[in-house]
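Index from 1, following the sequence.
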Amino acid sequence: MAATGSEKQGGDGVKSFYVSTPIYYVNDAPHLGHAYTTVAGDVLTRWHRQRGEKVWYLTGTDEHGQKIMRTAEANNVTPQEWCDKLVEEAWKPLWEHLNIANDDFIRTTEKRHTDRVQEFVQDLYDKGEIYKGGYEGPYCVGCEEYKLPGDLIEDENGVKLCPVHKKPVEILKEENYFFKLSAYGPKLMEFYANNPGFIQPESARNEVVNFVKQGLQDLSISRSTFDWGVPVPWDEKHVIYVWVDALLNYATAVGYGANQEKFDGTFPANVHLVGKDILRFHAVIWPAMLMAQGLPLPGRVAANGWLMVGGEKMSKSNLTGIKPQDLTSHFGVDAYRWYFLRAIAFGSDGSFSWEDFSARYTSELANDYGNLASRVAAMVGKYFGGALPEATASGDAEKAVQEGLAKAVATADEKIGEELDFQAGILAIFDFVKQVNGYITEQEPWKVAKDTSPEGQARLATILYTAAESLRGVAVLLNAVMPETSQKLWESLGAEASLGALSDQRVQDAGTWGRLPLGATVTKGAVLFPRLEEKPA
């Protein structure tokens, strides 16, 4: 049985927590769907970094195949020129704009990738895992995949369509090389049984298990009707099937065949984040390829749902693609990063609407969170000259807040760090924000401030310290989700000067009470979440 997840280790004895996104087709600029998966991976890896773990986060672009070739031809440039332009002018700049902290960006046209792909496929050929044959069947260029007849849908004229792209499939007949995928059905079923958490969510796991149960066909791993791809090393009339080429990025990017120490310390991925439309490639073909090569299998393949607009999957081909910049220019980058993971249960389909984003922004970010930070800083400034006072009159109300923070830390760490339930983790943090707001409303520090006796001032100091210390915990917990906002709050609490860099704070320790020191300088900075202007036309 192949090893999984984190069994192998690097030279220092510690394996990196390795997360990957799909590598995205560069037939067009990225839209919200691409950014959704990438932001999720960024939040997950930032969270694990905040735990103090070694982390490796990989994203990149898939640049071979018939779809890319046709797109380039339609734009009167070579495929390589098209890919270079899109990557440098659209994809990389967007990830930078969205504050994505990836450790590597792999392009499948890079030599560090193509050389290793040829070596991998040559090894399989030498082992007898690949043979020559022919194939005829319906092919979707958009998916770069032969479709089973039962997968197709029909339009009103009886034309067979791809169920994902809603476009007619092409009937292809060509000479191919095949990988003996059918031989791995029983091994995959055994692996799924022994590793029930390998495919998530449960609905995705059930789909894959039922698919494999029906019996697998051998996989065509080459194409001979066009030449934009990695040449098959023993027969250069063929290029390697784009999906075999693409899946191998998860190995080539971390040193496969080139840097054994890095490879041992990183591979396999702990989590592959994928869209549900490419689940079978990652949960069937990829593990079978690794089994054939005797390499360890990933820890988890987590399939997110589709973002829907008007009932349609968001994509350029369905004319529902929306640029992330359309939203970040209005709501801000941090609110953008927060919204999709807050509003949609990861693994389920979710509908985007401008109105829902606006309502949640105003209610949860501006009113609940931003207003809390502003009020606390203003009151510390007004009543204590901006110097954080000492809490000397704590009671049951303060104890409840302390317990609330500890609960939020435990829940968020489990939900985000382990279960990839970003929505539940974020909700736990914002439930605590609501608790702190309720605490301030009940304690009425503006009334307590009128009591100038030592007891009254001690009570006022305790209320404001409790609120500020609560925000200190919130800044740590939300740093993975909204790093720019968390940094602003961290600095306004005087935590940067007194506790050090926010990135050095451990998320699992965020609930340890009393970390903000007496006398920390609290300042009222810019509004964290400004009032929204009218929706742009």
Side-chain angles (χ1 to χ4, degrees), residues 1-7 18-25 33 36-37 40-41 44 58-59 62 120 124 129 140 143-148 150-151 163-164 179-221 241-251 267-306 313 346-349 419-421:
M1 178 57 62
T4 66
S6 57
E7 294 173 13
Y18 176 21
V19 177
S20 73
T21 70
I23 51 171
Y24 303 107
Y25 280 129
Y36 176 54
T37 309
L44 179 61
L58 175 68
T59 188
D62 184 1
F120 188 100
L124 291 184
E129 296 282 351
C140 171
C143 292
E144 293 285 12
E145 179 186 17
Y146 279 106
K147 297 291 183 178
L148 297 174
D151 291 337
V164 176
F179 168 57
K180 296 178 180 178
L181 180 64
S182 60
Y184 288 89
K187 297 176 184 177
L188 287 168
M189 292 299 293
E190 180 186 2
F191 179 76
Y192 301 152
N194 292 337
N195 299 274
F198 173 64
I199 305 169
Q200 294 181 345
E202 187 70 18
S203 58
R205 182 182 188 278
N206 293 338
E207 176 200 323
V208 170
V209 169
N210 290 334
F211 174 74
V212 176
K213 268 184 184 176
Q214 296 170 17
L216 297 175
Q217 296 182 357
D218 289 346
L219 175 71
S220 170
I221 62 105
Y241 175 43
V242 66
W243 267 104
V244 173
D245 167 9
L247 289 165
L248 281 167
N249 92 90
Y250 305 127
F267 195 84
N270 295 73
V271 180
H272 285 309
L273 296 176
V274 302
K276 66 178 183 179
D277 51 337
I278 57 173
L279 175 63
R280 290 180 187 176
F281 295 103
H282 289 82
V284 180
I285 296 173
W286 178 227
M289 288 167 56
L290 294 172
M291 287 177 175
Q293 198 70 301
L295 292 172
L297 272 60
R300 201 178 336 181
V301 176
N304 61 254
W306 286 342
K313 178 197 173 191
F346 197 77
S348 301
D349 291 346
E419 298 179 12
L420 276 60
D421 188 347

Take Met189 and Val209, measure what side chain to side chain contact (heavy atoms under 4.5 Å, CB included) needs, and give me the verdict at the end.
CA-CA 7 Å; Met189 292 299 293; Val209 169; 3.7 Å; yes

Please evaluate residues Leu219 and Val244 with respect to the criterion side chain to side chain contact (heavy atoms under 4.5 Å, CB included), reporting the C-alpha separation (whole Å), side-chain torsions for both, the decisive distance (0.1 Å), and the verdict.
CA-CA 10 Å; Leu219 175 71; Val244 173; 4.2 Å; yes

Val242 and Tyr25: CA distance, side-chain angles, deciding distance, side chain to side chain contact (heavy atoms under 4.5 Å, CB included) verdict
CA-CA 11 Å; Val242 66; Tyr25 280 129; 4.1 Å; yes

Determine, step by step, whether Trp286 and Leu248 satisfy the side chain to side chain contact (heavy atoms under 4.5 Å, CB included) criterion, reporting the C-alpha distance in whole Å, the side-chain angles of both residues, the deciding distance to 0.1 Å, and the verdict.
CA-CA 8 Å; Trp286 178 227; Leu248 281 167; 3.9 Å; yes

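Taking the six-membered ring for Trp and thresholds of 30 and 60 degrees, His272 and Tyr250 have ring planes inclined between 30 and 60 degrees apart. Taking the six-membered ring for Trp and thresholds of 30 and 60 degrees, Tyr192 and Phe198 have nearly parallel ring planes, at less than 30 degrees apart. Ring pair Trp243/Phe281 is parallel by interplanar angle, where below 30° counts as parallel and above 60° as perpendicular.
Remark: the backbone N or O of Val19 is not paired with any side-chain donor or acceptor of Asn270 at under 3.5 angstrom. Looking only at distances, a side-chain donor or acceptor of Asn249 sits under 3.5 Å from a matching main-chain atom of Ala246.
For the atom pair Gln200 CD and Glu202 CD, the distance stands at 9.0 Å (nearest 0.5 Å). One finds the CG atom of Leu290 at 6.0 Å from the CZ atom of Phe120 (value rounded to the nearest 0.5 Å). The distance from atom OG1 of Thr37 to atom CZ of Phe346, rounded to the nearest 0.5 Å, is 6.0 Å. Considering CZ of Arg280 and CD of Glu207, their distance stands at 5.5 Å, rounded to 0.5 Å. Interatomic distance, Leu181 CG to Leu188 CG, rounded to the nearest 0.5 Å: 7.0 Å. If you take OG1 on Thr21 and CG on Leu58, they are separated by 6.5 Å, rounding to the nearest 0.5 Å.
A ring-centre distance under 6.0 Å is not found for Phe191 and Tyr184.
Smallest separation of non-hydrogen atoms from Ile199 and Ala204: CG2-C, 3.8 Å. Smallest separation of non-hydrogen atoms from Leu279 and Ala303: CD1-CB, 4.1 Å. Residues Pro201 and Gly347 come closest through the heavy atom pair CG-O, 3.9 Å. The heavy-atom pair separating Val212 from Gly185 by the smallest distance is CG1-O, 3.8 Å.
Contacts of Ser182 classified as side chain to side chain donor-acceptor pair (under 3.5 Å), with partners at least two apart in sequence or in another chain: Asp218.
Applying side-chain contact (heavy atoms from CB on, under 4.5 Å) to His282 and the options Ile278, Val284, Ile285 leaves one that passes, Ile278.
Here the side chains of Leu273 and Leu420 are in contact, with some heavy-atom distance below 4.5 Å. With a 4.5 Å cut-off on side-chain heavy atoms, Phe267 and Pro296 count as touching.
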